[in-house]
Chemist: 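Please find one structure pasted underneath; my questions will follow.
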Amino acid sequence: MDVSPILDSLNDAQRSAVTEPEGSALILAGAGSGKTRVLVRRIAWLCCVKSISPYSILAVTFTNKAAGGMRERIEALLEMSMVGMWVGTFHAICHRILRTHYKEASLPAAFQILDANDQYRLIKKIMKALDIDEDKWSSKTAQWYINVKKEEGLGPEDIKTNKDETERQLLRIYTQYEEACKKSGLVDFAGLLLKTLMLLKENEHILSKYQDRFQYILVDEFQDTNALQYKWLCLLSNQHVPVFAVGDDDQSIYRWRGAKIENIHNFSKDFENVKTYKLEQNYRSTGNILTAANNLITNNKERLSKNLWTEGDEGEPIYLFSAFNEQEEARFISEKIHEWVSHGNRRDEIAILYRSNAQSRTFEEVFISTQIPYRVYGGLRFFERAEIKDALAYMRLCYNYKDDSSFERIINLPTRGIGEKTLSLVRNCAQKRNISLWEATILLLEDNQLTSRSRQALNVFLKLIGSLSADIKSFELSEQIDHVINKSGLKNYHGKEKGEVALSRVENLEELVNAAKTFSIDEENYGDMSETDAFLAHAVLESGEGQGKQWEDCVQLMTLHSAKGLEFPTVFLTGMEEGLFPTEHSLSEPNGIEEERRLCYVGITRAKQRLFLSHAETRRRYGSDMYNSPSRFINEVPTDLILEVRPQAHIKHKLYRSTEIGHTGDDGVLQVGQRVDHEKFGSGIVIECEGQGSSARVHVNFEATGSKWLVVSFANLKVL
DNA sequence: GTGTAGGTGGTTTTT
DNA sequence: CCACCTACAC
């Protein structure tokens, strides 16, 4: 057969990887080296040349978006349907397996998935019930602890009771939390993975079913897999199914979330017959951009060596803009965008990247006033909105009365006179008898111990859910949701509120009905689930876009993390300041700086043609002015690549100002960060140094009087 | 049960 | 500084 479309325009390394005959392979694919292309062609190669049925292939990706894109690209390349091939995130795949074997996994058929937010709420509730002081052991820590333990593959019963008081408390919470999840038929994200792993370990016939089925396993973004996912891969591959793992250790930016880079190192040891391929030719960026990225990343000690190169031109220099404050930084970028657009270019070819979400604000303000359409990525997504989750909680409760988390969410929403007092009676009863809140409510009503008022209210609620759940069983999915949001009073409740927000809530609820209408059950991910089950799972696993409406040509604003995997002709890498990027936090973490540097590397390599780095001398943060020196990462880009742009030079600054200059009268060394004392202005901190000898000046931020430039030879500063 | 004053904390994020 | 949460007063 003609394999040319599959091997067409691949370079040698890519071709070797795609046609790897036997065994597992580790593809170290640098940024822009055609990683996705290799994955897609590999699958095409397996199907067409090796005549492997799509049914025998499992491809795992990091996001749902990537999964969809991959299937599409293969189908486009081969002009055939890939029905039967499993492509999805670890979570989606585990979810599917658990649905199929819910009995063996000791889960109810109607088990629901708990998202991070629900998980947090549940943990808080449990801590309150256990009477654990939140000031001493924060609920955030507890959540972190639970997820870390799960990712290590440890259930509460696997952890030995420690003498350490903190750990004992955390374990108590973990135990209770698992109990609560089990009782309500809820599984959190890490739980999907852990439960699947247990299921496969404990049920030989199920494990061999999947081991026999999947003859080839492919993993994208391998550097971002965590310990649990790795174990899962080992188990499924059973040492002999070839695993094709594609990743880039230099782009590992999720270690803080449990991603284990060691997986890349261990891969060759744990799997048989592993060949390693390096994809180092970059097809994305100009020579200068690549040189900048390469130079930056060589400052990391802990990495597999790899050097990107391109056949392309050097291209434009790396532009650097030093702004006085964050406003000016945004204004400068706004001007550049106007310039760009007036030359007939598109705004969506421009990305503005920043370290933290809060930084988008200044850009938004300036873009509104200078009339630049923009789109901010990230933030609250559709299925994460409170009103949507409320509506879905009704649905979930209708299908599973034991879902306590949903029960609590909507018992008094809209308000129906069931307050804290009644609710705590229900909670107590449920806890004492180890039954669900729903069952406890029924018991309490029979017991006749409640005030007539709360009995009335609880009765109304039970009746409502009862009749809703009876009504909707015969309806289409979208009709079910429409029915629920109307009959529950949810829509009316938000309709009566005033203001923009309320209006958008009603619109969102209507949009939910719409989403249900257009939801087509994707056989591959949801198998033989009912449409409703599939939709509810879909809502949690794939929480949707933050802001719809992509039709307008918009400048793209996003964090460095969310830029991973994307590329843009022009990239503005903003807020390049010590304390911001790298973050203050990272300085005290063991390998914090290296992760920040990888993040910077990701940022730089997003750019195809033009890269702007910018930093601000002062930045308003948490209400007070911060004076940050330029990020060390700027200095790690070779000076000769950089062109400083300064359209409105107010003061002449040195680009690379030394951090140490001259001497004070009492012969102390003056350097950035040094505390000094001045006769008149009092004490302050040196935030900048400039010049040499008698013309040397320092910028000092005085506690009492604010910041001032002082000539060192006159100021008579005392080093403190 | 709703509204508002006071306190607090505040990277990155997909599933 | 601002968004979010909690606690209390209507």
Side-chain angles (χ1 to χ4, degrees), chain A residues 60-67 88-95 113-121 124 128 134-135 138-140 147 150-151 187-194 221 224-226 228-229 252-259 326 353-362 377-381 383-384 386 412-423 453 457 493 496-497 525 537-546 558-565 575 579-589 592 595-596 598-600 602-603 619-626:
Chain A
V60 197
T61 58
F62 191 60
T63 64
N64 290 298
K65 210 167 154 193
T89 60
F90 280 100
H91 297 269
I93 288 163
C94 287
H95 173 241
I113 308 163
L114 209 61
D115 73 11
N117 226 303
D118 293 336
Q119 183 188 44
Y120 184 66
R121 289 164 57 115
K124 276 192 102 150
K128 215 172 205 171
E134 266 207 55
D135 294 336
S138 84
S139 38
K140 284 247 167 72
N147 289 328
K150 286 199 174 190
E151 269 160 24
V187 183
D188 59 29
F189 286 130
L192 288 172
L193 302 175
L194 188 54
E221 306 280 15
D224 288 321
T225 50
N226 64 30
L228 210 46
Q229 293 163 337
S252 150
I253 53 175
Y254 286 106
R255 284 198 225 191
W256 56 274
R257 206 175 78 188
E326 76 277 14
L353 308 182
Y354 35 77
R355 178 65 239 259
S356 74
N357 281 310
Q359 287 166 255
S360 76
R361 199 195 173 97
T362 319
Y377 285 76
L380 206 52
R381 313 231 291 286
F383 286 110
E384 288 170 356
N412 203 29
L413 198 114
T415 46
R416 43 178 77 88
I418 304 172
E420 201 46 41
K421 221 170 153 196
T422 313
L423 195 51
R453 197 199 180 106
Y493 171 72
K496 269 192 281 188
E497 288 175 323
N525 264 325
H538 164 88
V540 189
L541 287 173
E542 217 169 314
S543 33
E545 288 289 328
M558 68 191 83
T559 62
L560 286 152
H561 282 90
S562 34
K564 196 178 76 158
L580 198 69
F581 186 34
T583 60
E584 213 170 346
H585 223 83
S586 69
L587 302 174
S588 50
E589 299 262 311
E595 177 134 331
E596 294 288 302
R598 287 191 295 273
L599 199 50
C600 186
V602 167
R619 183 179 293 273
R620 217 166 165 70
R621 234 182 136 206
Y622 302 150
S624 53
D625 285 326
M626 311 277 292

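Chain identifiers are assigned alphabetically (A, B, ...) following the order of the sequence lines, protein sequences preceding nucleic acid strands; residue numbering begins at 1 within each chain.
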Chemist: Which comes earlier along DNA chain B counting from the 5' end, the contact point of L599(A) or that of R416(A), where each point is its nearest nucleotide?
Modeler: R416(A)

Chemist: Of the non-hydrogen atoms in N357(A) and T559(A), which two are nearest, and what is the gap between them?
Modeler: OD1-CG2, 3.2 Å

Chemist: Quick one: list whatever passes side-chain contact (heavy atoms from CB on, under 4.5 Å) with M626(A), sequence neighbours left out.
Modeler: R621(A), N628(A)

Chemist: Got a sec, which residues hit side-chain contact (heavy atoms from CB on, under 4.5 Å) with D115(A), two or more places apart in sequence or on another chain?
Modeler: N117(A), D118(A), F189(A), K389(A), V540(A)

Chemist: Give a yes or no on whether a salt bridge exists between R257(A) and D224(A), defined as a side-chain N under 4.0 angstrom from a carboxylate O.
Modeler: no

Chemist: Considering only atom C1', compute the distance from dT11(B) to dT6(C) and round it to an integer number of Å.
Modeler: 25 Å

Chemist: Would you call the rings of Y254(A) and F62(A) parallel, tilted or perpendicular, where under 30° means parallel and over 60° means perpendicular?
Modeler: tilted

Chemist: What's the gap between dC5(C) and dT12(B) when it is taken at their C1' atoms, as a whole Å value?
Modeler: 23 Å

Chemist: Not counting sequence neighbours, which residues clear side-chain contact (heavy atoms from CB on, under 4.5 Å) with R620(A)? List them please.
Modeler: E326(A), D625(A)

Chemist: Flag the pair E221(A) and K564(A) as a salt bridge only when some basic side-chain nitrogen lies within less than 4.0 angstrom of an acidic carboxylate oxygen.
Modeler: yes

Chemist: Which residue, T63(A) or G417(A), contacts DNA chain B at a nucleotide closer to its 5' end, judged by nearest heavy atom?
Modeler: G417(A)

Chemist: Reckon S356(A) touches a base, only the sugar-phosphate, or nothing at all at heavy-atom distances under 4.0 Å?
Modeler: sugar-phosphate

Chemist: When all nucleic acid strands are considered with a 4.0 Å heavy-atom cut-off, which category describes F62(A): base, sugar-phosphate, or nothing?
Modeler: sugar-phosphate

Chemist: Just the endpoints, please: which first and last nucleotides of DNA chain B, 5' to 3', lie under 4.0 Å from a heavy atom of chain A?
Modeler: dG1(B) to dT15(B)

Chemist: Determine the contact category for A190(A): base if any of its heavy atoms lies under 4.0 Å from a base atom, sugar-phosphate if only primed atoms, P, OP1 or OP2 are that close, otherwise nothing.
Modeler: nothing

Chemist: Taking heavy atoms of chain A and a 4.0 Å limit, find me the 5'-most and 3'-most nucleotide of DNA chain C within that range.
Modeler: dC1(C) to dT6(C)

Chemist: Under 4.0 Å between any heavy atoms, over every strand shown, what does L353(A) touch: base, sugar-phosphate, or nothing? Just pick one.
Modeler: nothing

Chemist: Which part of the nucleic acid does D115(A) contact within heavy-atom distance under 4.0 Å: base, sugar-phosphate only, or nothing?
Modeler: nothing

Chemist: Decide whether S356(A) and Q359(A) meet the rule of one side-chain donor and one side-chain acceptor closer than 3.5 Å.
Modeler: yes

Chemist: NA contact type, E420(A), heavy-atom cut-off 4.0 Å: base, sugar-phosphate, or nothing?
Modeler: nothing

Chemist: Could you list the residues that satisfy ring pair (Phe, Tyr, Trp, His ring centres under 6.0 Å) with Y354(A), not counting sequence neighbours?
Modeler: none

Chemist: Using a 4.0 Å heavy-atom cut-off across all strands, classify K124(A) as base, sugar-phosphate, or nothing.
Modeler: sugar-phosphate

